[in-house]
Amino acid sequence: GAGVSQSPRYKVAKRGQDVALRCDPISGHVSLFWYQQALGQGPEFLTYFQNEAQLDKSGLPSDRFFAERPEGSVSTLKIQRTQKEDSAVYLCASSLTPDRETQYFGPGTRLLVL
Amino acid sequence: GENVEQHPSTLSVQEGDSAVIKCTYSDSASNYFPWYKQELGKGPQLIIDIRSNVGEKKDQRIAVTLNKTAKHFSLHITETQPEDSAVYFCAAPSPQGAQKLVFGQGTRLTINP
């Protein structure tokens, strides 16, 4: 079946612009995660949804970062007034239920802020 | 919170030889340990995972061992092939927050033909 998909795959933004990154999780997966991966580093947690509820946003680096999952399926990560330090790969992952630990990752969106 | 350390950061082996990557974790309550393979320009792909009720799990050329007492787990790849070249990440669940993973720093594995 289809895996996790993300769009766009690449995004170049000028400093100060707003961006929106989309994640389509595996159909039926309850849990959805966003991670940020800096160059040469492991993914770092940003936020977690269980269905439409955002249960953990402790990893969001500033109030410029906002995520939503209004209907419990597709999720959008929005970054306002982008800064150069926001340049990274943004990964989305989903898992079947909160009790099933296995997380399946999408290909990521590579964001470059100039 | 959970802290995961991964070694080595780079590893180069001859094709056909074995490769071993090691990780340590800090939270003794952690009970699930996945390994991911990430190729250039792609997202992490789960290759094997182990739960704390077993000490070893094997899937063809890949195996993972877990030592809960010492709080470390290792990835073993035997009969390495060029397509095994990638960056490998270990992870452990954070006790704070539902199921989020804390990743190691990654190991860049290069298989030399």
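Every chain is numbered from 1, with letters handed out A, B, ... down the list of sequences. Bear in mind the structure is a predicted one, so any value in this text is a computation, not a measurement.
Using modelled atom types, one finds no donor on one side chain facing an acceptor on the other under 3.5 Å when comparing Gln105(B) with Ser9(B). Defined by atom type and a distance below 3.5 Å, a donor-acceptor pair is missing between the side-chain atoms of Thr80(B) and Glu15(B).
Gln6(A) does not touch chain B: none of its heavy atoms, backbone or side chain, sits under 4.5 Å away. If you measure heavy-atom distances from Gln38(B) to chain A, the contacts under 4.5 Å come from the side chain alone. Of the atoms belonging to Pro93(B), not a single heavy atom falls under 4.5 Å from chain A.
Per-residue counts of heavy-atom pairs under 4.5 Å with chain B were compared for Gln41(A), Gln37(A), Arg110(A), Glu44(A); the largest is that of Gln37(A). Put simply, of Phe89(B), Tyr32(B), Tyr36(B), the one with the most heavy-atom pairs under 4.5 Å next to chain A is Tyr32(B). Chain A forms more heavy-atom pairs under 4.5 Å with one residue of Val102(B), Asp49(B), Leu101(B), Leu46(B) than with any other, namely Leu101(B). Options Ser31(A), Gly42(A), Gly106(A), Pro43(A) differ in how many heavy-atom pairs under 4.5 Å they form with chain B, and the most are formed by Pro43(A).
Contact of the Val113(A) side chain with the Ile79(A) side chain is not registered, since no non-hydrogen atoms from C-beta on lie closer than 4.5 Å.
Proximity of a side-chain donor or acceptor of Ser75(A) to a complementary backbone N or O of Cys23(A) within less than 3.5 Å is not detected.
Ring pair Trp35(B)/Phe73(B) is perpendicular by interplanar angle, where above 60° counts as perpendicular and below 30° as parallel.
Smallest separation of non-hydrogen atoms from Ser26(B) and Lys71(B): O-NZ, 3.0 Å.
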